[in-house]
Structures are given as C-alpha cells and as structure tokens.
Novice: 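First the structure, which I've put down as structure tokens, then a few questions once you've had a look.
Here the structure is a predicted model, which is why all the values come from computation and not from measurement.
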Amino acid sequence: MPVLPKIAEYADELTAIRRDIHQHPEIGFEEVRTSGIVARMLQSWGVEVHIGLGKTGVVGILKGKGESGRTVGLRADMDALPMDEQTNLPFASKNPGRFHGCGHDGHTTMLLGAARYLAETRDFAGTAVFIFQPAEEGLGGARTMLADGLFDKFPCDEIYGMHNNPLAEPGKMGVKPGAAMAGASFFDITINGVGSHGAMPHHSKDPIVIASALIQNLQSVVSRNVPAVRTAVLSVTQVHSGSAYNVVPGKAVISGTIRYFDDEVMELIHHRVRTLCAGMAQAYEISIDVDLRNIFDVLMNDPDLSQAYLDAARDVVGEENVSETKDLVTGSEDFADMLKVVPGAYCTLGHKGSIPVHNPGFILDDEILPVGASIMARIVEKRMPL
C-alpha cells in the first residue's frame with residue numbers, strides 16, 4: 001500500500017506502539033496508561049498537550065508553518081472492549097476481560113502517526129487538533145468530552161475520524177455522505193411480577209410468562225409500525241430472571257437495543273415500546289418499569305467534506321482504492337455526537353482479515369497503520385494548504 005514516505009520510515013515504530021497498547025487494553029474512562037502514552041509522545045514531538053477532557057481524554061494542538069485562521073480536527077478512540085481475547089497472538093491482552101477487539105488500539109496509533117508526521121513537517125497553514133477520545137463503546141466518551149467544553153476550548157472548522165474494516169478489501173477507503181451509521185438506544189424493561197413455589201404457579205404473576213409474551217410483541221414493533229422503506233432494528237439481547245428450579249421468580253428483566261436513521265423513527269419505536277409495556281402491565285395486573293436511553297446519535301457525514309476526505313485518500317491509496325459507499329451501517333459510533341457540533345466525515349479503511357470486530361478472535365492487520373496515518377495527515381495538508 002502506498003503511504004507518505006516519512007510515515008513509511010517509522011512504520012515499524014507504529015507497529016510497536018500498537019502492539020504495546022494492545023497488550024494493555026483499558027475499557028472506557030479507565031484509559032490511564034493509554035492516555036499517558038499518547039500525552040508523552042505528543043509532547044516529545046512538540047505538540048501542545050491538554051489532558052483530562054472527558055476524564056481520560058487527550059487533546060493535542062499543533063500550529064502549521066502558515067496561519068490561515070482555520071482549524072482541522074482529527075479524532076481517534078482509545079478504549080477496549082470488556083471481553084476476553086482468543087487470538088493466541090504473542091502480544092495478546094495481559095488484562096483478563098479486556099481486549100482491543102474493535103481496533104481502537106489501531107485508531108490511536110494511526111492518529112499518533114499522523115501527529116508525528118505533521119509535527120515534523122508542519123506543511124500546512126492553520127491549526128491541527130488531535131482528539132484522543134475515551135469510552136466510545138457505549139459509555140458516552142464523546143458526549144463527556146463535549147460536556148467538558150471540547151469545541152469551546154479547542155474550536156474546529158471541520159473534523160475527521162476513521163475506523164478499520166476487516167471485511168473490506170485491504171487498502172480500500174470508503175465514505176458514505178449523509179446518514180451513514182445508525183443512532184442507537186438501549187433499553188432495560190423490568191417486569192415486577194409476583195413469585196411463588198414452582199409447584200403452585202397459580203399463586204404467582206409469572207414474570208417469565210409475561211416477558212415471553214412481551215418479547216414476541218416487541219418483535220412486531222419495526223415490522224408493523226415503521227414504514228418498510230425506513231431502516232430500523234429492534235433486538236432483545238438479554239433476559240434475566242430466576243435463581244432456582246422450584247421457584248417462580250418475582251422479577252424479570254429484558255434488555256436490548258434499537259437502531260434507526262432518523263429521530264422520528266426513534267420516537268415512534270420508543271412510543272410503541274412504552275405503549276406495549278403499559279398494556280402488558282394492565283393485562284397482567286403488575287407493574288413494568290421501562291428505561292429507554294439514547295446512546296448514539298445518527299452519524300451524518302457532511303457531503304462536501306466527505307468528498308474532501310476521499311480526495312485526500314486518493315493521494316495515498318490511489319483512485320482505484322477510494323469509493324463513495326452507498327450502504328447504511330446499522331452499527332453505531334459516537335463520533336456522531338461530535339459531527340452534530342462540527343461538520344466533518346468518517347471513513348472506513350479495509351485491511352487483511354476475515355474475522356469481524358467485536359469477536360474474541362479479531363486481529364488487526366498492522367499494515368493498515370501507516371496507511372491510516374497518511375490519510376489523516378493528508379486531509380490536514382489539503383484542507384489547510386500553505
């Protein structure tokens with residue numbers, strides 16, 4: 001894969017950085033070691049460093065050779081997943097129950113590579129802002145940084161992010177203008193029934209029976225309420241109840257996720273979920289508590305800046321490896337929250353591998369590191385030319 005020559009010179013160092021972070025994964029808001037590495041490296045390259053934004057977030061500020069009054073932000077996430085690794089790599093996770101199974105160790109390393117290159121060359125007119133975000137995996141890291149005044153303290157005219165993709169061709173970079181990734185809500189539904197002896201269920205108001213009926217009804221929300229041309233997903237992913245073979249429990253909890261691409265659909269699904277729960281509670285003469293939480297916004301790529309990102313990538317991977325993608329992605333990404341405040345674009349970059357992210361056997365291909373770093377560096381140079 002072609003990369004910027006200077007970044008190619010330290011590709012092996014990027015691999016070493018990534019593998020070190022991979023061995024010591026930290027989940028959301030616990031990225032103390034990782035953020036420390038980021039801060040020290042940025043400082044060693046002459047980047048102005050700010051720590052503590054979003055608890056464990058790091059922001060680096062770099063001035064170019066020229067001054068245009070413009071500012072471009074680059075963002076990477078740092079957190080791992082709360083799961084065990086099953087790759088048998090020599091640099092596998094040393095922290096039980098912690099695994100960089102989504103490639104955030106790679107994202108962090110690519111942004112470090114871009115920051116080093118830009119600090120050494122400074123071939124741009126304006127200010128580059130390097131944002132290393134904690135807690136992307138459903139814990140609200142972007143919103144926490146925003147609440148701490150991210151763009152008030154470090155204003156950006158535009159911002160760019162990137163995600164690895166083991167299911168795309170190696171070196172292929174894609175951007176979908178407009179709505180690209182789904183917004184997401186999580187839900188916890190607590191059914192407060194009445195327990196009894198398992199041999200005398202007539203004394204109970206069985207929450208397992210009620211949960212079973214409710215789950216079946218929830219599966220009709222999208223298919224029978226959302227117009228077929230508007231994409232949405234509702235998945236029940238957890239059911240918790242009971243503790244013994246001979247006890248009808250008093251409570252059951254149903255949990256899951258809702259995905260959508262516009263807020264009107266989200267509000268419709270939320271309304272239907274609450275209505276079904278209220279009706280079920282009345283029918284069975286019990287109470288049901290519903291906790292519905294918006295976790296991710298819909299990720300909206302600015303059309304013009306999407307084209308700018310594709311143009312920058314062409315300089316690195318070539319015309320044949322750049323594409324404007326068409327398919328919606330029902331996965332979610334909290335970079336969407338930053339894009340609601342500052343216009344920008346989010347791309348995917350393919351690499352070797354056949355195992356998807358969030359799988360205990362996922363392996364990131366280190367060859368992607370200098371490629372991603374080069375694309376991120378190039379967008380800064382092209383958007384703020386000397």
Side-chain angles (χ1 to χ4, degrees), residues 1 11-38 56 76-113 132-141 161-172 181-182 184 186 233 235-240 255-257 259 295-296 329-335 348-373:
M1 301 175 192
D12 289 345
E13 294 178 54
L14 294 180
T15 295
I17 292 167
R18 203 281 294 185
R19 293 184 177 188
D20 176 67
I21 294 173
H22 187 89
Q23 277 191 302
H24 303 91
E26 298 165 304
I27 60 172
F29 297 124
E30 296 179 3
E31 307 95 338
V32 175
R33 183 183 186 275
T34 305
S35 62
I37 290 171
V38 167
T56 48
D77 37 19
M78 300 185 292
D79 58 322
L81 287 160
M83 60 188 293
D84 289 315
E85 179 172 357
Q86 297 175 11
T87 64
N88 296 316
L89 291 168
F91 52 89
S93 171
K94 293 183 177 180
N95 298 339
R98 305 286 189 270
F99 170 41
H100 271 295
C102 196
H104 296 188
D105 50 342
H107 305 165
T108 297
T109 304
M110 288 187 284
L111 184 50
L112 284 172
F132 293 85
Q133 181 208 307
E136 189 279 328
E137 296 289 357
L139 296 178
M162 178 179 291
H163 203 295
N164 62 287
N165 184 359
L167 303 182
E169 291 184 49
K172 296 282 187 180
M181 298 183 71
F186 290 169
V233 177
S235 292
V236 174
T237 57
Q238 300 179 55
V239 181
H240 302 282
S255 302
T257 186
R259 306 295 166 119
I295 303 298
F296 299 100
V329 176
T330 52
S332 300
E333 161 62 59
D334 80 350
F335 186 56
T348 58
L349 185 60
H351 64 85
K352 289 185 294 187
S354 59
I355 299 174
V357 297
H358 289 229
N359 182 293
F362 167 74
I363 297 176
L364 180 78
D365 176 20
D366 288 318
E367 290 183 16
I368 197 179
L369 301 175
V371 181

Novice: Can you name the nearest heavy-atom pair linking Thr87 to Phe99, along with the distance?
Specialist: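 Nearest pair, atom of Thr87 first, then Phe99: CG2-CZ, 4.2 Å.
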
Novice: Taking all heavy atoms of Ser332 and all of Ala184, pick out the closest pair and write down the distance.
Specialist: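 Taking every non-hydrogen atom into account, OG-CB, 3.3 Å.
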
Novice: Between Ser93 (side chain only) and Arg98 (backbone N and O only), is there a donor and an acceptor less than 3.5 Å apart?
Specialist: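 Confirmed, Ser93 side chain pairs with Arg98 backbone.
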
Novice: Quick one: closest heavy-atom pair of Ser235 and Val233, and the distance?
Specialist: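 Scanning both residues, the minimum pair turns out to be OG-CG1, 3.7 Å.
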
Novice: Show, in sequence, the C-alpha distance, side-chain angles and deciding distance for Glu333 and Asp77, and conclude whether the side-chain contact (heavy atoms from CB on, under 4.5 Å) test is met.
Specialist: CA-CA 10 Å; Glu333 161 62 59; Asp77 37 19; 4.0 Å; yes

Novice: What's the spacing between Met78 CE and Ile27 CD1 if we round to 0.5 Å?
Specialist: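 The distance works out to 13.5 Å.
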
Novice: Tell me whether Glu13 contacts the main-chain N or O of Ala11 through its side chain, where contact means a donor paired with an acceptor under 3.5 Å.
Specialist: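 Absent.
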
Novice: Closer than 3.5 angstrom, by distance alone: can the side chain of Glu31 be matched with the main-chain N or O of Ala135 as a donor-acceptor pair?
Specialist: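 Side chain of Glu31 to backbone of Ala135, a donor-acceptor pair under 3.5 Å: yes, one is there.
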
Novice: Kindly compute the distance separating CG (Leu364) from CG (Asp366), expressed to the nearest 0.5 Å.
Specialist: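 Answer for the CG-CG pair, Leu364 versus Asp366, is 6.0 Å.
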
Novice: State the CD-CE distance between Glu85 and Met83, to the nearest 0.5 angstrom.
Specialist: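 One finds 9.0 Å between CD of Glu85 and CE of Met83.
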
Novice: Mark yes or no for whether Ser255, through its side chain, and Val239, through its backbone, hold a donor-acceptor pair below 3.5 Å.
Specialist: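 No.
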
Novice: Looking at His163, is its backbone amide N or carbonyl O close enough to the side chain of Thr348 to form a donor-acceptor pair, meaning the two atoms are under 3.5 Å apart?
Specialist: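 No, Thr348 side chain to His163 backbone: no donor-acceptor pair under 3.5 Å.
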
Novice: State the CE-CD1 distance between Met162 and Ile368, to the nearest 0.5 angstrom.
Specialist: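 Reported to 0.5 Å precision, the distance equals 7.5 Å.
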
Novice: Hey, could you give me the CD1/CZ distance between Ile355 and Phe362, rounded to the nearest 0.5 Å?
Specialist: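 That separation rounds to 9.5 Å.
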
Novice: If we ignore hydrogens and angles and just use 3.5 Å, is the side chain of Asp84 paired with the main-chain N or O of Gly97 as donor and acceptor?
Specialist: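 Pair found, side chain donor or acceptor close to backbone of Gly97.
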
Novice: Considering all heavy atoms of both residues, which atom of His358 and which atom of Cys102 are nearest to each other, and what is their separation?
Specialist: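 Closest pair (atom of His358, atom of Cys102, distance): NE2-SG, 3.4 Å.
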
Novice: Whether the side chain of Glu26 engages the backbone of Arg33 through a donor-acceptor N/O pair (distance < 3.5 Å, no angle test) should be reported.
Specialist: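 Answer holds: yes.
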
Novice: If every non-hydrogen atom of Phe132 is compared with every non-hydrogen atom of Leu112, which pair is closest and at what distance?
Specialist: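 Answer, listing the atom of Phe132 first, then Leu112: CZ-CD2, 3.8 Å.
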
Novice: Using modelled atom types and a 3.5 Å cut-off, is there a donor and acceptor pairing between side-chain atoms of Asn164 and backbone atoms of His351?
Specialist: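 Between the backbone of His351 and the side chain of Asn164 there is no qualifying donor-acceptor contact (under 3.5 Å).
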
Novice: Looking at every non-hydrogen atom in both residues, tell me the closest pair between Pro170 and Lys352 and how far apart they are.
Specialist: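 The pair with the smallest heavy-atom distance is CG-CG, 3.6 Å.
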
Novice: Measure the CG-CD1 distance between Asp105 and Ile17 for me, rounded to the nearest 0.5 Å.
Specialist: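 So the CG of Asp105 and the CD1 of Ile17 are separated by 12.0 Å.
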
Novice: So, the side chain of Glu136 versus the backbone of Asp334: is there a donor-acceptor pair under 3.5 Å, distance only?
Specialist: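 It does hold such a pair.
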
Novice: What do the steps show when you test Ile295 against Thr257 for side-chain contact (heavy atoms from CB on, under 4.5 Å), and what is the final call?
Specialist: CA-CA 10 Å; Ile295 303 298; Thr257 186; over 6 Å; no

Novice: Give a yes or no answer on whether the side chain of His107 reaches the backbone of Ala76 with a donor-acceptor pair at less than 3.5 Å.
Specialist: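 No; zero donor-acceptor contacts below 3.5 Å.
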
